[in-house]
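Working notes for the structure below.
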Amino acid sequence: MDASELESVLDEGPLFDEELPEDHRSGFVALEGKPNVGKSTLLNAWMGTKLAPVSPKPQTTRDQLLGILTREDAQILFMDTPGIHRPRTKLGDFMVEAAESVLPNADVIVFVVDLAVPPSRGDRETAALLEELSPDVTRILAMNKADRVSGEERERRRAAYEALGDFDHSLCISALLGEGVDELLQIVISALPRGPRYYPEDQLTDRQERFIVAELIREHAMRHLREEVPHALVVVVQEMKERPNGTIYILAHIYVEKESQKGIVIGRGASMLKQIGHDARIDLQRFLDSKVYLDLQVRVRKNWRRNEKALRQFGYTLQRQA
């Protein structure tokens, strides 16, 4: 969902005429921060399901992902975004644009940082970007991975992050362990304006299933692969259909940039590809609530991250021209 699509949702108004509590709240919440600070882990914790890919590798999230959390008292539209960083490829340009484009439409910004390490240049640059927004936008500092640091060091880190900007709220959390997550959600909801629901109660995202399926496969490829290979691959779901026995057949192509990377992804005796497929299938069966037959094939598209035509074909489209 790009900026124009966000605006259209707001302009069209509520899609459902239903009785809601008088103080029902709704709005857009942007999750911002540098790569690998736990934004997607936080989104998944709030949603109660794995909606966004998560791995220890930086820049696992490449595109915006809308998570729709509907409660009796609120409908929160979370925008998980790629980390703001200095891009080195056309794909990097797309990721930074995707992260920045949601800011003007957000009612609340949750600035996620990694409390286990001191503030970096990336944190300072993101904080400076948030300072340029309208003062009407609520800014919340969420200091994640608080379980990894304690005592005086934790307090020094907290003070250093709070000094990055003028925040309406700040708190320490652990998205992985669930510490402070509910408290943070209550702060977010209280900052949202009163409003209606824009999506059906049972809808979790505006993305098609194929997008989520491809991202879950890519997550497990990133978890198993090393060096540059994880960042050089993209997953495209070619076919997805239910067989007569109820099993969902999924054919997905894993694209890499070099023949040498293809060999690494496949592995000796196809061992790596089998491991990626095994682990991805477990997540896919949970997500689709069905048995899954996953057919993975590896292909080469040379230097696709630097090729605008290839990026468009893979669904990454720059709005701004370089």
Side-chain angles (χ1 to χ4, degrees), residues 1-6 8-9 28 30-31 35 39-44 46-55 57 59-69 77-83 90-92 94-99 101-102 198-200 202-223 230-242 248-256 276-277 279-290 292-299 301 304-305 310-319:
M1 174 180 284
D2 60 25
S4 62
E5 290 172 319
L6 286 174
S8 68
V9 169
F28 285 98
L31 305 180
K39 299 185 295 295
S40 296
T41 302
L42 179 59
L43 174 66
N44 290 338
W46 277 331
M47 296 300 300
T49 187
K50 180 176 280 188
L51 195 62
V54 176
S55 87
K57 307 290 193 306
Q59 300 176 27
T60 300
T61 300
R62 286 180 176 168
D63 202 350
Q64 301 166 2
L65 177 62
L66 178 68
I68 306 166
L69 178 61
L77 308 178
F78 293 111
M79 291 300 303
D80 187 21
T81 64
K90 290 292 184 181
L91 175 62
F94 169 85
M95 292 165 63
V96 172
E97 181 180 284
S101 66
V102 303
Y198 294 92
Y199 292 92
D202 59 350
Q203 186 171 344
L204 298 180
T205 182
D206 66 333
R207 290 288 193 173
Q208 295 182 351
E209 279 187 340
R210 287 191 177 210
F211 175 85
I212 305 298
V213 167
E215 288 293 87
L216 290 178
I217 295 170
R218 187 170 65 85
E219 170 191 333
H220 288 284
M222 293 191 73
R223 285 183 176 275
H231 303 293
L233 65 82
V234 64
V235 178
V236 178
V237 175
Q238 300 290 337
E239 187 176 350
M240 186 172 168
K241 63 182 180 181
E242 184 175 350
I248 296 178
Y249 170 76
I250 299 172
L251 169 62
H253 290 168
I254 299 177
Y255 287 90
V256 291
I276 293 169
D279 293 351
R281 188 170 60 252
I282 293 173
D283 265 353
L284 291 173
Q285 289 180 158
R286 290 197 192 102
F287 175 68
L288 297 170
D289 193 24
S290 175
V292 169
Y293 183 91
L294 182 58
D295 184 0
L296 297 180
Q297 299 177 10
V298 186
R299 301 193 172 190
R301 183 68 182 273
W304 68 264
R305 286 180 294 172
L311 286 170
R312 288 195 299 270
Q313 290 174 340
F314 291 146
Y316 304 118
T317 303
L318 279 165
Q319 301 300 316

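The figures here come from the full heavy-atom set of this structure, side chains too, leaving out hydrogens, waters and symmetry mates. For reference, positions follow the sequence shown, starting with 1.
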Output all residues satisfying side-chain hydrogen bond (donor to acceptor under 3.5 Å, both in side chains) with [X], sequence neighbours left out; order by chain, then residue number.
X	value
Y249	D295
Q285	none
E209	none
Q297	H253

Q: With sequence neighbours left out, write down each residue that passes ring-ring contact (aromatic ring centres under 6.0 Å, His included) with F314, or none if nothing qualifies.
A: Y255, W304
For the atom pair [atom1] ([X]) and [atom2] ([Y]), what is the distance rounded to the nearest 0.5 Å?
X	Y	atom1	atom2	answer
L284	I217	CG	CD1	5.5 Å
Y199	L77	OH	CG	6.5 Å
L233	R299	CG	CZ	15.5 Å
I248	L288	CD1	CG	4.5 Å
H220	I276	NE2	CD1	10.0 Å
I212	T205	CD1	OG1	5.0 Å

Contact summary for [X] and [Y], nearest pair of heavy atoms:
X	Y	answer
L296	G277	CD1-CA, 3.7 Å
I250	M240	CG1-CG, 4.0 Å
V234	R218	CA-CD, 4.4 Å

**Q.** Sequence-distant partners of T49, side-chain contact (heavy atoms from CB on, under 4.5 Å), two or more places apart
**A.** M47, L204
Q: Determine whether D279 and R223 make a side-chain contact, defined as any pair of heavy atoms from C-beta on separated by less than 4.5 Å.
A: no
**Q.** Residue pair L216 / V235, side-chain heavy-atom distance below 4.5 Å
**A.** no
Q. Would you say Q208 has more than 12 foreign heavy atoms packed within less than 6.0 Å of its CD?
A. no
Q | SB check K50 D283 (cutoff 4.0 Å) | A | yes
